[in-house]
Structures are given as structure tokens and as C-alpha cells.
Protein chains: 2
Amino acid sequence: MKTSQPGVVARVPLTRERVLAGAAEIADGSGIGALTMRSLAHALGAKPMSLYHHVANKDEILDALVDLVFSEVEVPSEAPDGWRAAMEARAHGMRAALARHPWAVGLMETRTTPGAANLRHHNATLGVLRRSGFSLDAAGHAYALMDSYIYGFALQEAGLPVGKPDSDPQVVQAMARSIPADELPYLAEMAMDRALQPDYRFSAEFDVGLAIILDGLAGLLPQHPERLLNNPT
Amino acid sequence: MKTSQPGVVARVPLTRERVLAGAAEIADGSGIGALTMRSLAHALGAKPMSLYHHVANKDEILDALVDLVFSEVEVPSEAPDGWRAAMEARAHGMRAALARHPWAVGLMETRTTPGAANLRHHNATLGVLRRSGFSLDAAGHAYALMDSYIYGFALQEAGLPVGKPDSDPQVVQAMARSIPADELPYLAEMAMDRALQPDYRFSAEFDVGLAIILDGLAGLLPQHPERLLNNPT
DNA sequence: ACCTGAACACCGTTCAAGT
DNA sequence: ACCTGAACACCGTTCAAGT
């Protein structure tokens with residue numbers, strides 16, 4: 001059988017789906033820096049120029065990758081348990097997807113044209129808020145706050161030395177221990193007495209911050225007239 | 001005078017400082033994608049290889065650029081107006097610096113070795129919190145929450161079509177108007193009735209979310225025993 | 001010591017040519 | 001219709017050679 005080649009998937013016609021799936025696999029496995037048109041083509045058993053028959057250019061691949069991450073997050077439902085449970089589930093789903101694909105959050109800065117899954121996700125989330133009694137302004141505030149938090153948390157997680165390919169606990173320990181306690185006492189304290197403790201997991205911080213944010217958002221509902229909806233100054 | 005060249009700064013010896021300042025200027029003016037060893041050398045009136053006598057490689061330049069942004073943010077002071085005013089000032093300063101250098105937040109994902117200004121900034125912020133009565137855990141929670149919010153907000157601002165080089169208001173209007181109101185009603189409503197209103201500015205959302213977060217952090221102080229400090233479950 | 005010409009192993013992408 | 005060889009204009013970086 002001359003079609004089979006060692007280490008390469010047997011001859012299968014290229015499709016846009018196969019190209020995008022291959023791109024995601026490379027980015028997940030070797031980082032976004034390892035994703036080149038040449039490496040992608042090679043992984044698919046084709047030549048670089050063949051890719052251009054299925055995608056316009058690399059930018060289109062990156063746009064599609066971001067939307068692929070959004071498509072993995074379950075769209076917020078009719079909220080049988082109320083808006084708070086729906087927002088918690090969405091936040092957890094979004095953060096999990098961004099943790100599975102650490103390259104995604106860094107890509108968002110440059111990608112300005114949102115994909116279909118992105119739009120659908122945004123629309124559904126806003127829908128839950130609006131139908132739960134949030135005014136248009138309140139829903140806007142809530143969305144900006146929650147998304148900033150989710151994306152920023154994912155950004156910090158992606159930048160952490162832990163959990164990455166080069167995650168040598170000894171290196172992390174050494175880095176933290178190299179903090180000069182006389183010059184940076186508070187940072188040294190935080191590293192030694194908290195972040196480096198064996199039971200500490202940064203990811204657990206997510207729920208703490210999320211609870212504070214959702215508590216605050218509850219105050220934007222009209223049932224809580226003690227807080228002004230629009231201009232809290 | 002044969003040393004003067006058209007369009008090029010007269011012969012000045014390269015230094016690490018000049019290299020980094022030039023790199024920041026290119027990134028600010030033309031985007032991080034336009035910053036190459038070759039373009040940087042050309043802007044400094046030198047050849048690409050000369051740069052390697054002052055920096056180890058491009059990675060070192062990117063690390064230094066991120067730290068340069070941190071160095072522009074005033075370090076939180078002894079908090080004469082209390083921790084809340086200090087945290088507000090820090091958040092505003094940090095967000096302003098990230099808005100001035102939109103490429104910085106995207107860089108943070110990949111840069112894992114924090115610079116001196118970064119460490120100093122973190123240490124000072126933690127110091128204000130600790131001396132204001134936040135426990136070690138509470139300060140850790142507060143820091144993760146505030147930084148996630150600040151970075152995430154900056155990430156969203158950097159991704160917005162508005163305020164960028166290609167910020168044609170007609171294009172933005174057209175993009176928003178292309179949202180199918182039957183499929184994505186809540187998104188269309190948010191775009192048309194709020195985000196596209198002439199007096200709307202996304203940057204104003206920052207203070208709304210920040211106030212909610214700081215309100216929540218106040219609840220972590222021991223003076224507020226109604227909220228558990230460590231495990232809010 | 002500081003600078004640089006030439007070269008190497010890469011990029012994304014175009015174009016003309018193959019089947 | 002789908003694929004690709006050759007080529008173009010780029011990258012970051014090394015090495016040996018210049019002053």
C-alpha cells in the first residue's frame with residue numbers, strides 16, 4: 001500500500017475542518033509559536049501551499065481558533081436556578097476552555113472580528129441577565145466586569161510558570177526563594193507563606209473573586225434600590 | 001558634517017537604554033508586530049547584529065518592555081487616604097499604562113520572568129493591603145481579583161476596534177448594524193441602544209467594575225466578621 | 001570594545017505549472 | 001478542482017572578520 005507513510009496520517013483530502021482541527025492540535029500541544037503554515041501542512045501530510053485552498057491566510061486560521069474555543073463553552077441556558085447559577089456555570093466553562101487552550105487569551109488582543117460562536121455566547125449571556133431583571137446598563141456593566149475578570153484570570157494562569165511544559169517545581173521554588181526578603185518583604189511573605197505552600201492552588205482563587213463579583217452584581221438588580229443603577233457617583 | 005544622515009539620528013553610540021527606548025517607540029507607534037530586530041536596528045541607525053552587543057536576544061527586549069510599562073506606574077504609597085484610595089489610584093495608573101501600550105497585555109501571557117519594576121509594584125501593593133489589616137489570605141485574594149480585572153479590562157480595550165489605527169467609526173457602525181437582530185436580539189440591543197450611543201465610552205465601565213470589586217474587598221477585612229476570611233463556602 | 005557582511009535556517013504568501 | 005515547486009521578501013541569530 002503505497003498511500004501509507006510512516007508517522008503521517010494516510011492520504012485524506014484536506015478540508016477546512018481538518019486544517020482548523022490540526023491547527024488547534026499543534027497550538028495545544030506545542031504552543032501557538034509552533035503553529036506555522038509549514039508545520040501545519042506537514043502535520044496534515046500536505047505542502048504549505050495546499051492550505052491556501054481551504055483558508056484565506058493564517059489570520060483566518062487564528063480567528064477560527066478563537067471561535068473554536070468559544071464553541072467549546074456551553075451556552076448559558078434559560079437559567080432554571082436563577083441568573084447567579086447560570087453566570088457561575090458560564091464563568092467556569094469559559095475559564096476551563098481558556099485553561100485548556102492557554103494560547104487563546106493571548107490571541108484575543110489582536111483578533112477584532114468575533115466569530116459566530118463568540119457572538120452566540122455573548123448574546124445568550126446577555127439574554128440571561130436581561131430576562132433576570134438587569135437593565136440594559138446593568139447588563140452592560142455586569143458583562144464588562146465578568147469578562148474582564150475571566151479573561152484576566154486566564155491571562156494570569158497562562159503566564160504562571162506552574163502547569164506549563166517547563167513546570168519544574170524545583171525551578172519555581174528556586175525562583176520564589178530568590179526574592180530578597182529585605183527589599184521585597186511582602187512579596188517574599190506571600191510567596192513563601194502562601195503561594196508555595198503545598199496545598200495552594202492559584203486556580204482556587206477563581207471562585208473567591210467570582211463570588212465577590214456576583215455579590216456585587218446582585219446589587220445592580222432593581223430589587224436592590226439602595227444602589228443606583230446607572231451613576232453610582 | 002558627514003556624520004549626519006537624512007532621516008536618521010546622528011551617530012550616537014548604542015546603549016541598552018537606547019535600544020529599549022527605541023523598541024518601545026516602535027511598538028507604541030506601529031504595533032508589536034512591527035518590532036523586529038531589523039526594524040529596530042534601522043530606527044537606531046545601526047545594523048541588526050549590533051543590537052546583540054547590548055541585549056542577549058529579542059526575548060530579553062520583550063521582557064524589558066513589559067517591565068518598562070510597570071515602571072511607568074506610580075508605586076502605591078503609604079495610603080494616607082486609606083487602602084481603598086490607594087488601590088483606586090493603582091488600578092487607574094496600571095490601566096492607563098496598559099492603554100498607552102496596548103501591546104503590553106498581550107505580551108504578559110508569554111513573559112514568565114517578572115522584572116524589577118514588576119516585583120517592586122507587586123510588593124508595594126501587597127504592603128498597602130497588609131498594613132491596612134488584610135490577612136495574608138485576604139491580600140492574596142484581593143490581589144488575584146484586582147489584577148485579573150485590570151489585565152482583563154486592558155485586554156478587552158486592546159481588542160476593541162475603537163481607538164486603534166483602523167478606528168473608522170463608520171466601519172464600527174456598519175459592523176454593529178450587521179448583527180442580525182432576530183438571531184442575536186440581546187447583542188443587537190446592547191450594540192444599538194447602548195454601545196453605539198454617541199455618549200458611550202467603554203473606558204467608563206472601568207470605574208463601575210472597580211467600585212464593585214473594592215466594595216467586595218472591604219468585606220474581607222476583619223472589621224467585617226460577617227464574611228468568613230478564608231473559606232466562604 | 002564595538003560594529004558588521006555574509007550566511008543559515010526559518011517565516012507567510014504569490015504565481016505559474018502540474019494532475 | 002485540488003495540489004505543489006520554485007521563488008520572493010521577510011524573520012532571529014551565529015560566526016568570522018573588520019575597526
Side-chain angles (χ1 to χ4, degrees), chain A residues 2-5 8-27 29-66 103 106-107 109-113, chain B residues 2-5 8-27 29-66 103 106-107 109-113:
Chain A
K2 61 174 177 173
T3 52
S4 65
Q5 301 164 29
V8 172
V9 178
R11 172 71 49 232
V12 181
L14 284 181
T15 61
R16 184 183 163 88
E17 284 64 40
R18 276 188 15 98
V19 169
L20 296 179
E25 202 171 330
I26 291 176
S30 315
I32 195 74
L35 174 62
T36 69
M37 297 302 273
R38 287 163 146 93
S39 70
L40 175 54
H42 183 77
L44 295 168
K47 302 294 166 184
M49 317 81 201
S50 307
L51 302 176
Y52 289 89
H53 288 275
H54 302 94
V55 292
N57 47 37
K58 192 178 178 180
D59 255 33
E60 194 178 291
I61 294 183
L62 296 181
D63 276 333
L65 281 186
V66 171
W103 42 265
L107 236 47
E109 174 213 6
T110 29
R111 313 285 101 202
T112 48
T113 42
Chain B
K2 62 172 181 176
T3 52
S4 65
Q5 299 165 29
V8 172
V9 179
R11 171 70 51 233
V12 181
L14 283 181
T15 62
R16 185 183 161 86
E17 284 64 39
R18 277 188 13 98
V19 169
L20 297 179
E25 202 171 330
I26 291 176
S30 315
I32 195 73
L35 174 61
T36 70
M37 297 302 272
R38 286 164 146 92
S39 70
L40 175 54
H42 184 76
L44 295 168
K47 303 293 167 184
M49 316 82 200
S50 307
L51 302 176
Y52 289 89
H53 288 276
H54 303 94
V55 292
N57 47 38
K58 191 179 180 180
D59 255 33
E60 195 179 288
I61 294 182
L62 297 181
D63 276 334
L65 280 186
V66 170
W103 42 265
L107 237 47
E109 174 214 6
T110 29
R111 313 286 99 202
T112 48
T113 43

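Quick note on labels: first sequence line is chain A, next is B, and so on, each numbered from 1.
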Measure CZ/A/Arg16 against P/D/dC3 and give the value in whole Å, please. 15 Å
Between C/dC2 (P) and B/Leu14 (CG): distance, integer Å: 10 Å
Rounded to whole Å, the CZ-P distance (A/Arg38 to C/dT13) equals 11 Å
Distance criterion of 3.5 Å, no angle test: do you see the side chain of A/His53 paired donor-to-acceptor with the base of D/dC2? no
Just so I know, are the side chains of A/Leu62 and A/Ile32 near enough to count as touching, which here means a heavy-atom distance under 4.5 Å? yes
Can you tell if the side chain of A/Leu35 reaches within under 4.5 Å of the side chain of A/Leu65, non-hydrogen atoms only? yes
Short side-chain N/O contact from A/Lys58 to OP1 or OP2 of C/dG12, under 4.0 Å: yes
Applying a 4.0 Å non-hydrogen cut-off, can you work out what A/Thr36 is touching in the nucleic acid: base, sugar-phosphate, or nothing? sugar-phosphate
Should C/dG12 form a Watson-Crick or G-U wobble pair with both distances under 3.5 Å, which nucleotide is its partner? D/dC8
Value in whole Å for how far the C1' atom of C/dT14 lies from CG of A/Asn57: 13 Å
B/Leu40 CG to D/dC10 C1': how many Å, rounded? 16 Å
Over how many whole Å does the gap from B/Met37 atom CE to C/dG5 atom C1' extend? 17 Å
Measure the distance from NZ on A/Lys47 to C1' on D/dA6 and round it to the nearest whole Å. 13 Å
B/His54 vs C/dC2: side-chain N/O to OP1/OP2 distance below 4.0 Å: no
If I take atom CE in residue A/Met49 and atom C1' in nucleotide D/dA7, what distance separates them, rounded to the nearest angstrom? 10 Å
Does C/dT4 have OP1 or OP2 under 4.0 Å away from a side-chain N or O of B/Ser50? yes
I want to check something: taking the side chain as every heavy atom from C-beta on, are A/Ile61 and A/Met37 in contact at a cut-off of under 4.5 Å? yes
C/dC3 -> Watson-Crick or G-U wobble partner, both distances under 3.5 Å, gives none
CG (B/Leu44) and CD1 (B/Ile26) are apart, to the nearest 0.5 Å, by 7.0 Å
Between atom NZ of A/Lys58 and atom OG1 of A/Thr36, what is the distance when rounded to the nearest 0.5 Å? 6.5 Å
